[in-house]
Visitor: 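Handing you a structure now.
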Amino acid sequence: ERSLLGIKELDRTEILQLLNRTAYWDNQSVKLNPVLKSHFVANMFFENSTRTRFSFEMAEKRLGVQVLNFTAAASSVEKGESIYDTVRTLESMGIDAGVVRLKPAGVLQQLSEKVSIPLVNAGDGNNEHPTQALLDMYTMTKNFGELKGLKVSIIGDIMHSRVARSNLWGLTKMGAKVQFCAPDSMKAPELAQYAPYVTMEEALKADVVMMLRVQLERHATGILQSAEEYRKQYGLTEERAAKLDKNTIIMHPAPVNRNVEIDDAVVESSQSRIFPQMANGVPVRMAVMERALL
Ligand code: CP
């Protein structure tokens with residue numbers, strides 16, 4: 001039984017094992033393989049989600065897990081109950097693992113030290129989103145065969161992005177080269193020692209162009225220029241997409257701000273892997289839940 005708090009704590013072998021197991025589940029034609037049918041898992045989302053929440057549920061149900069869905073807005077959190085007391089409450093009822101999404105960074109680590117069940121990080125603040133990076137790495141592997149030697153540009157709101165951080169840790173461990181592109185107001189200066197910041201023109205010359213959502217809900221007012229100005233300077237517009245190498249793939253963790261960081265027509269273009277990324281989220285989370293529970 002193992003927690004998954006971040007990609008930072010995994011080594012190359014563990015990442016490869018998870019990606020190989022993802023491929024195994026991805027290639028199963030039978031939808032229901034109830035190998036975890038005697039296990040109870042609570043999906044505890046203290047922050048909103050569509051993809052992560054439902055693909056965990058899909059993955060768990062495909063493995064026969066008994067799923068309990070917890071949503072903060074419909075719980076005693078609304079009466080002021082803490083995250084810790086909530087997790088301890090579900091633990092005391094007998095869950096075998098918890099999938100947790102949190103707004104603040106750093107809380108998950110403390111939480112995992114206080115409970116005895118494995119916890120899986122479904123996104124914590126701007127710290128890590130390990131299953132997103134795994135599904136991104138799996139999507140890249142599926143497209144290119146291997147991660148080693150790939151050039152990956154991560155473009156946009158790096159400062160607030162747990163996706164950028166988890167991908168940075170994972171991709172560099174796997175031998176890919178990561179570069180960032182962001183306006184000054186969205187840079188994370190502490191990450192510059194691990195990946196260079198390049199111009200938009202440079203960033204588009206890559207095997208993978210990963211666009212990030214401008215996280216409007218996390219910006220203090222005034223940080224973001226107008227959406228149109230952002231699109232003009234840092235958006236993957238149709239014009240820019242048309243100039244990409246034909247083998248370059250376009251990714252985005254979603255949800256997408258259409259016509260801000262990426263043009264509407266580019267989202268479902270032939271080079272886009274945005275919907276396949278979502279599909280790959282299910283086998284990735286099957287591999288992660290298996291690791292957590294077996
Ligand atoms: N990519 C992602 O984490 O999406 P959700 O916030 O909808 O889960």
Side-chain angles (χ1 to χ4, degrees), residues 1-9 36 39-61 63 65-135 157 159-166 212-221 223 253-255 257 278 281-282 284-286 288-289 291-293:
E1 290 188 357
R2 272 172 294 174
S3 287
L4 176 61
L5 303 185
I7 296 289
K8 214 172 187 176
E9 72 197 26
L36 299 178
H39 294 83
F40 287 73
V41 173
N43 298 324
M44 294 175 268
F45 282 71
F46 297 89
E47 188 190 66
N48 292 343
S49 167
T50 297
R51 270 147 295 275
T52 312
R53 186 185 148 174
F54 287 97
S55 61
F56 264 112
E57 189 172 346
M58 188 79 185
E60 290 154 357
K61 286 185 167 162
L63 295 169
V65 171
Q66 310 296 317
V67 183
L68 288 82
N69 278 312
F70 167 92
T71 310
S75 74
S76 288
V77 168
E78 285 294 294
K79 300 175 200 159
E81 188 163 34
S82 69
I83 292 168
Y84 171 68
D85 282 334
T86 305
V87 177
R88 284 286 284 129
T89 299
L90 286 154
E91 184 187 31
S92 66
M93 290 175 188
I95 59 166
D96 300 297
V99 174
V100 186
R101 171 171 286 196
L102 296 170
K103 271 200 176 80
V107 173
L108 194 65
Q109 180 66 43
Q110 296 164 11
L111 208 55
S112 76
E113 287 160 15
K114 291 186 190 164
V115 298
S116 53
I117 49 165
L119 296 179
V120 175
N121 184 354
D124 66 326
N126 68 355
N127 181 43
E128 282 238 27
H129 194 348
T131 56
Q132 178 71 45
L134 287 168
L135 75 87
D157 197 352
M159 180 200 276
H160 295 102
S161 182
R162 52 196 177 208
V163 177
R165 286 170 177 79
S166 287
L212 297 176
R213 182 172 69 89
V214 178
Q215 299 195 31
L216 298 163
E217 75 279 19
R218 297 191 214 266
H219 278 285
T221 19
I223 281 187
N257 293 310
M278 294 177 204
V282 176
V284 156
R285 288 167 178 128
M286 290 172 85
V288 167
M289 292 319 295
R291 177 181 180 272
L293 290 164

Visitor: Going by heavy atoms in the side chains, are M93 and L68 under 4.5 Å from each other?
Guide: no
Visitor: Is a side-chain donor or acceptor of E91 paired with a backbone partner of S116 at a separation under 3.5 angstrom?
Guide: yes
Visitor: As an exercise, state the distance from CD1 of I7 to OG1 of T131, rounded to the nearest 0.5 Å.
Guide: 8.0 Å
Visitor: Taking only residues two or more places apart in sequence or in another chain, which ones pass side-chain hydrogen bond (donor to acceptor under 3.5 Å, both in side chains) with R165?
Guide: E190
Visitor: Indicate whether any N or O donor in one side chain lies under 3.5 Å from an N or O acceptor in the other, for E81 and S75.
Guide: no
Visitor: Around atom CG of N48, are there more than 12 heavy atoms from other residues, nucleotides or ligands closer than 6.0 Å?
Guide: no
Visitor: For S166 and P130, which heavy atoms make the closest approach, and how far apart are they?
Guide: OG-N, 3.7 Å
Visitor: How many angstroms lie between NE2 in H39 and CD in E60, if you round to the nearest 0.5 Å?
Guide: 12.0 Å
Visitor: Would you give the length of the straight line joining atom CZ of F46 to atom CG of L108, rounded to the nearest 0.5 angstrom?
Guide: 10.0 Å
Visitor: Under 3.5 Å, is there a donor on one side chain and an acceptor on the other for N127 and Q109?
Guide: no
Visitor: Begin from the C-alpha positions of T71 and F45 and carry the test side-chain contact (heavy atoms from CB on, under 4.5 Å) through to its verdict.
Guide: CA-CA 5 Å; T71 310; F45 282 71; 5.7 Å; no
Visitor: Any chance you could lay out the side-chain contact (heavy atoms from CB on, under 4.5 Å) test for V77 and F70, step after step, and finish with the verdict?
Guide: CA-CA 11 Å; V77 168; F70 167 92; 3.9 Å; yes
Visitor: Check whether any side-chain heavy atom of L134 lies under 4.5 Å from a side-chain heavy atom of L4, and answer yes or no.
Guide: yes
Visitor: How long is the straight-line distance from CG of L102 back to CD1 of I83, given to the nearest 0.5 Å?
Guide: 4.5 Å
Visitor: Hey, are the side chains of T52 and H129 touching, using non-hydrogen atoms and a 4.5 Å cut-off?
Guide: yes
Visitor: Whether the side chain of N126 engages the backbone of A105 through a donor-acceptor N/O pair (distance < 3.5 Å, no angle test) should be reported.
Guide: no
Visitor: Does R291 use its side chain to pair, donor to acceptor, with the backbone of S3 at less than 3.5 Å?
Guide: yes
Visitor: As a test of understanding, state which of V41, V67, V288, N121 forms a side-chain contact (heavy atoms from CB on, under 4.5 Å) with V99.
Guide: V41
Visitor: Looking at E9 and G6, what are the two nearest heavy atoms and their distance?
Guide: CG-O, 3.1 Å
Visitor: Do R285's NZ or CZ and the ring of F56 fall within the cation-pi criteria of under 6.0 Å and 45°?
Guide: yes
Visitor: Would a distance-only check, ignoring hydrogens and angles, find a side-chain to backbone donor-acceptor pair under 3.5 Å from R101 to E47?
Guide: no
Visitor: Using the salt bridge (charged side-chain N to carboxylate O under 4.0 Å, His left out) criterion, which residues pair with K8? Sequence neighbours excluded.
Guide: none
Visitor: Under a 3.5 Å distance rule, please check whether S161 uses its side chain to pair with a backbone N or O of V163 as donor and acceptor.
Guide: yes
Visitor: I need the minimum non-hydrogen distance between A292 and V120, along with the two atoms involved.
Guide: CB-CG2, 4.1 Å
Visitor: Is the side chain of N43 donor-acceptor paired with the backbone N or O of N69 at a distance under 3.5 Å, no angle test?
Guide: no
Visitor: Whether the side chain of S76 engages the backbone of K79 through a donor-acceptor N/O pair (distance < 3.5 Å, no angle test) should be reported.
Guide: no
Visitor: Please report the closest heavy-atom contact between I117 and I95, naming both atoms and the distance.
Guide: CG2-O, 3.3 Å
Visitor: Check whether any side-chain N or O of R213 sits under 3.5 Å from a backbone N or O of A254 as a donor-acceptor pair, and report yes or no.
Guide: no
